[in-house]
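I have placed the structure first, in the form of structure tokens, so that the comments after it can refer back to it.
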2 protein chains.
Amino acid sequence: MDIRTLCLGLLTLRDASGYEIKKSFENDLSDFYEASFGSIYPALSKLTAEGLLTCTAQPQEKRPDKKVYRITPAGRLAFLDALAKPPGRDHVRSDFLATMLFADLLPARHLAQLIDERLVMHRRSILEQRALLKDVKSAGKRFIIDYGLAWHEAAIAYIEENRHLIESEALLTPGGGS
Amino acid sequence: MDIRTLCLGLLTLRDASGYEIKKSFENDLSDFYEASFGSIYPALSKLTAEGLLTCTAQPQEKRPDKKVYRITPAGRLAFLDALAKPPGRDHVRSDFLATMLFADLLPARHLAQLIDERLVMHRRSILEQRALLKDVKSAGKRFIIDYGLAWHEAAIAYIEENRHLIESEALLTPGGGS
DNA sequence: GAAACCATGTAAGTTGTTACATGATTGG
DNA sequence: CCAATCATGTAACAACTTACATGGTTTC
């Protein structure tokens, strides 16, 4: 599913501006999707040009107009059509895991630090997602946020239980450099 | 980490041809990285041109020469340099989870089928990864394959325990179409 | 007073995929 | 006999990110 289609989908949940859609990507969707303004704004313009969205400009003083998008009936149909197609497979790309593959090339301290930071990141994500969960009504949104939480917790558990397997083989270089 | 750098890294583990590197991506790395021939072959050519790899063509009868790449000392340094930089954050993109966000727009049967297929996919991945695990010696490789297994297992557990939350809200459309 | 937030948009650049081009061999 | 495996490579295309362009407001 491309950004364009996801924007359309998010607008089935509520009317929103490009900026608010970006926030959505950074909050609820942050664990399994990303999008920058550079892809969101053009997507919204194009969808509007195609009649799948309408746009109402709310004049704001001393600021660019806030453009609130609303999905049209044609937009809803188009989105249902996209949803009906079998979902593609996940695309994952983890620098962290790629690095762990080469754990034995890293100085022990550096490796330990990377792992510690990873754990911190997971714990921070858990706190953020839990905070979001409080005012979520939609079952779908709750499901995916909880999924993210379960994933972060599983990752923490796995890493804590197994880090010794790679740390015991890491390079034992005494002096790091400076 | 881009494909280019990962190819370089894989060649720190053993000499390999482009074809074999592709296999590696489809096996050990399949859960958290992907790469097509269209990115691998040009990457290897470029790395060779830059002196980070050497290439030995093994003539094969009735087949294109098999080009076996080997990392050079300069290549090793370049890779260590890349490893030293802090890893970027994960990039995940899951069509499945995006679809689940809109579970209430889907006919109940379709939703149930998507979830069932997802579970099948996870179970198949577990079998494949377990098979790979048998002849793995490197601690790093073992760590990441086990990580994948833990992830698949956590996903199955989560989905089985929570699918009812979205399935009870799915559209109750009696006739699907045909 | 600096950083982050609000608010939109474009253009250039990166990175990668898909499809094409070629073709023998092996296993079911 | 059909599909998969082995084996390499290129060109066109897609999709997205980064950086630029602009500028007031709120929070620490």
Side-chain angles (χ1 to χ4, degrees), chain A residues 1-11 15-27 29-30 32-49 53 55-69 82 88-95 98 128, chain B residues 1-8 11 15-27 29-30 32-49 53 55-69 82 88-95 98 128:
Chain A
M1 201 179 310
D2 54 18
I3 301 296
R4 180 195 136 93
T5 307
L6 248 182
C7 286
L8 196 55
L10 290 174
L11 289 165
D15 296 352
S17 65
Y19 191 84
E20 287 163 346
I21 286 176
K22 177 66 159 50
K23 288 286 133 200
S24 228
F25 274 103
E26 286 170 4
N27 296 332
L29 307 191
S30 64
F32 59 91
Y33 254 97
E34 303 165 74
S36 62
F37 284 125
S39 58
I40 293 171
Y41 285 127
L44 293 172
S45 304
K46 224 182 161 196
L47 288 166
T48 305
L53 301 178
C55 175
T56 312
Q58 295 181 347
Q60 315 241 299
E61 285 176 23
K62 324 251 187 170
R63 225 170 251 196
D65 289 3
K66 182 175 179 176
K67 293 186 171 182
V68 177
Y69 292 91
R89 38 170 297 166
D90 289 7
H91 299 276
V92 182
R93 173 157 284 205
S94 173
D95 247 36
E128 284 167 7
Chain B
M1 202 180 308
D2 55 17
I3 301 294
R4 179 195 138 91
T5 307
L6 248 182
C7 286
L8 195 56
L11 289 166
D15 296 352
S17 64
Y19 191 85
E20 288 163 346
I21 286 175
K22 177 67 159 51
K23 288 286 131 198
S24 227
F25 275 103
E26 286 170 3
N27 296 332
L29 306 190
S30 64
F32 60 91
Y33 254 96
E34 303 165 74
S36 62
F37 284 125
S39 57
I40 293 170
Y41 284 128
L44 293 173
S45 304
K46 226 181 160 196
L47 289 165
T48 306
L53 301 178
C55 175
T56 312
Q58 294 181 348
Q60 314 241 301
E61 285 176 21
K62 324 251 186 172
R63 226 170 250 198
D65 289 3
K66 183 175 179 175
K67 294 187 171 180
V68 177
Y69 293 92
R89 37 169 300 166
D90 289 7
H91 298 276
V92 182
R93 172 157 285 203
S94 173
D95 247 36
E128 284 167 7

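A, B, ... follow the sequence lines: proteins, then strands. Residue 1 opens every chain.
- Rounding to whole angstrom units, CZ of residue B/Phe25 and P of C/dT15 are separated by 15 Å.
- Residues B/Glu128 and B/Glu26 are not in side-chain contact: their nearest non-hydrogen atoms beyond the backbone lie 4.5 Å or more apart.
- Contact annotation for A/Ser45: no contact, since no heavy-atom pair falls under 4.0 Å across all strands.
- Here the side chain of B/Ser24 pairs no donor or acceptor atom with the backbone of B/Glu20 at under 3.5 angstrom.
- Rounded to an integer number of Å, the gap from CD1 of B/Ile21 to C1' of C/dG16 is 17 Å.
- Straight-line distance from the NZ atom of B/Lys46 to the P atom of D/dG9: 16 Å, rounded to whole Å.
- Scanning both residues, A/Lys67 and A/Cys55, for their nearest heavy atoms gives CB-SG, 3.7 Å.
- Without hydrogens or angle criteria, A/Asp95 side chain to B/Met1 main chain gives a donor-acceptor distance under 3.5 Å.
- Between A/Glu26 atom CD and C/dA4 atom P the separation is 13 Å, expressed in whole Å.
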Q: Quick one, give me the B/S/- string for nucleotides 12-28 of chain D, reading 5' to 3', where B means a protein heavy atom under 4.0 Å from the base and S means that only happens at the primed atoms, P, OP1 or OP2.
A: ----SBB-----BS---

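- Distance A/Asp65 CG to C/dC6 P: 18 Å, rounded to the nearest Å.
- For the pair B/Lys23 and B/Lys67, nearest-nucleotide mapping onto DNA chain D gives the more 5' position to B/Lys23.
- For B/Tyr19, the side-chain atoms get nearest to D/dA7 when compared with the rest of D/dA7, C/dT8, C/dT10.
- Between A/Gln58 atom CD and C/dA7 atom P the separation is 9 Å, expressed in whole Å.
- Atom NZ in B/Lys22 sits roughly 15 Å away from atom P in D/dG9 (whole-Å rounding).
- The shortest side-chain heavy-atom distance between A/Glu34 and B/Asp90 does not fall under the 4.5 Å cut-off.
- Minimum atom distance to the side chain of B/Tyr41 is reached by D/dG9, of the listed D/dG9, C/dT10, C/dT8.
- Relative to the ring axis of B/Phe37, B/Lys22 places its NZ or CZ within 45° and under 6.0 Å from the centre.
- Two residues are said to be in side-chain contact when any heavy atoms from C-beta on lie closer than 4.5 Å; B/Ile40 and B/Phe25 meet this criterion.
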